[in-house]
Amino acid sequence: MPPTPDAAQAPSVGPDRGRADACPGALRLHPAEDGHLARLRLPGGHLTHRQILAVADAADTLGNGEAEITSRGNLQLRGLAAGCAADLAERLRAVGLLPSDTHERVRNIAASPLAGLDGRGAGGDQIADWVRQLDQALCAAPWAAGLSGKFLFALDDGRGDVAALNADVTLLAVGDGRALLRLGRARRATAVDAPVPAALDAARRFLDLAAGRAWHPREIQHELPEGDVPLPPFTGEPPALGAVPGGLSVAPRLGRADSAQWRLLAETLGTGPTARLTPWRGIVLPHADPARLPDLAAAGLRTTPGGPWEGVTACTGLPGCNKSLADVRAQAARAVAAVPAEGLPVHWSGCARRCGHPAGRWVDVLATAAGHRVTVDGTVRDTEEHDTAEAVAEARNTPWRRPK
């Protein structure tokens, strides 16, 4: 199996948006400076004990020994050899991580990670059912293969966490199996009694209307019908780290964990429930024993809320990306050590694409030829590398300035 599926086998349905959809997948590997990259779609971020071990084994045998969580709660393997695609696909199929060869890149489904665990939210246990039903419906619909690999569904249990991601199609549970459906960044939603079919139909209507002109509903928002239900503000808050109602919440620094850390997470999870990877690059372990937190912390995982690493993210940077101007991950780590600070989320980017940046309000740290450009609320400060850490710390504590 080649890293990129043969054109003759590609779905005939789908838009031509003026350029090819270059999103990597589990079958279509992306060549990077540090080897090839594979992106594994995990609807709802769900991973079983067996699947975690399979990913750890693949990272060790085929990649660089690490797996990183993306801003959509998916997983990436890096440092892969160009000829490993067939081996990787076989490993993923064996544990149920590759249910469809034609639709594997369009299975982007984020879900409230604490749904059904902490008693909050109107959706409760229904969210896991919606995740499963939507994933199955996507894989069964030939037209859905025409969605972009970037197209995102968000299934929010009513607390407003993943609704804040501004996904392409959002379902916000309101109780009794019903939901509000939002398309793109609309300010109003539509009440629906059959949420999963409604979400699927909304995606198809966008695809038909876009006719190859757009990747996301927000690009043609003015052409899309708005619902009649005003939407509340969304919080977008990730689960707090540590012991949470119904389990444990932990996070690797910058979203990357090595194979030993993943195996420890599988051991802590046990063989019953599924882990839930979050769009904030964390991991919820349902029903896990709080007594395991010291072991997880000793292994280098973040297990307590707050602290200078809270909300710190970065793109791949050098040496993995040839578009990057700097090793922004290393720079972020040095800045955290030099001037520890808390406050706004901060994202370090090696180039102007700003891959993986968070939603909402955040501090933008962009690598430049001379150092960095630090931006928050429209205020820009150009720095040399030696004074970037102080500038970032100040920006993270900038009070909210309401527009005039």
- [ ] Sort and list the pairs that fulfil salt bridge (Lys or Arg N to Asp or Glu O under 4.0 Å) and have at least one residue in residues 238-261, not counting sequence neighbours.
- [x]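 Listed by first then second residue: E66-R256, E68-R256.
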
- [ ] Any salt bridge (Lys or Arg N to Asp or Glu O under 4.0 Å) involving residues 170-183? Give me the pairs, sequence neighbours left out, ordered by first then second residue.
- [x]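 The answer is R178-D193.
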
Side-chain heavy-atom pair [X], [Y] within 4.5 angstrom cut-off:
X    : Y    : result
L172 : F234 : yes
P358 : T313 : yes
V250 : R302 : no
L265 : L285 : yes
L155 : V131 : yes

Any donor-acceptor N/O pair, [X] side chain to [Y] backbone, under 3.5 Å:
X    : Y    : value
E33  : C321 : no
S112 : A115 : no
S249 : A240 : yes
E310 : P305 : no
D168 : G184 : no
R276 : P113 : yes
R72  : A110 : no
E226 : R187 : yes
D327 : A330 : yes
D156 : L171 : no

Quick one: do the [X] and [Y] side chains pair a donor with an acceptor below 3.5 Å?
X   : Y    : answer
R78 : T316 : yes
T48 : T274 : no
R41 : N108 : yes

Open item on the list: Students often mix this up, so state it plainly: with edges at 30° and 60°, are the rings of W348 and H372 parallel, tilted or perpendicular?
Closed with: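 Perpendicular.
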
- [ ] If the plane angle is over 60° it's perpendicular, under 30° parallel, otherwise tilted; pick one for H357 and H347.
- [x] perpendicular

Open item on the list: Please evaluate residues E223 and R213 with respect to the criterion salt bridge (charged side-chain N to carboxylate O under 4.0 Å, His left out), reporting the C-alpha separation (whole Å), side-chain torsions for both, the decisive distance (0.1 Å), and the verdict.
Closed with: CA-CA 12 Å; E223 301 179 40; R213 298 177 295 129; 3.0 Å; yes

- [ ] Carefully, step by step, assess V380 and V374 under the rule side-chain contact (heavy atoms from CB on, under 4.5 Å).
- [x] CA-CA 6 Å; V380 179; V374 182; over 6 Å; no

Open item on the list: So that I can tick it off, tell me whether R132 and D129 are bridged by a salt bridge, with the cut-off set at under 4.0 angstrom between side-chain N and carboxylate O.
Closed with: yes

Task: Salt bridge D21-K150, side-chain N to carboxylate O under 4.0 Å - done: no

Open item on the list: Between E104 and R28, is the salt bridge (charged side-chain N to carboxylate O under 4.0 Å, His left out) condition met? List the steps.
Closed with: CA-CA 10 Å; E104 60 99 5; R28 185 164 80 179; over 6 Å; no

Open item on the list: Using the rule given for side-chain contact (heavy atoms from CB on, under 4.5 Å), can you reason through L200 versus W143, listing the C-alpha separation, both sets of side-chain angles and the distance that settles it, and then say yes or no?
Closed with: CA-CA 11 Å; L200 201 68; W143 62 264; 3.7 Å; yes

- [ ] Walk me through it: do D289 and R292 pass the test salt bridge (charged side-chain N to carboxylate O under 4.0 Å, His left out)?
- [x] CA-CA 6 Å; D289 186 352; R292 299 302 305 270; over 6 Å; no

TODO: Show the numbers, then the answer: is there a side-chain contact (heavy atoms from CB on, under 4.5 Å) between L62 and L77?
DONE: CA-CA 9 Å; L62 307 176; L77 297 174; over 6 Å; no

Task: Criterion salt bridge (charged side-chain N to carboxylate O under 4.0 Å, His left out) on D57 and R263, from CA distance to verdict - done: CA-CA 9 Å; D57 289 344; R263 291 188 178 95; 2.8 Å; yes

Open item on the list: As a quick check of understanding, evaluate side-chain contact (heavy atoms from CB on, under 4.5 Å) for L138 and I109, giving each step before the final call.
Closed with: CA-CA 10 Å; L138 281 171; I109 305 172; 4.2 Å; yes

Task: Residue pair R107 / L97: nearest heavy atoms and the distance that separates them - done: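 So the two residues come closest at NH1-O, 4.3 Å.
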
- [ ] Can you spot which of D382, T383, D364 makes a side chain to side chain donor-acceptor pair (under 3.5 Å) with R373?
- [x] D382

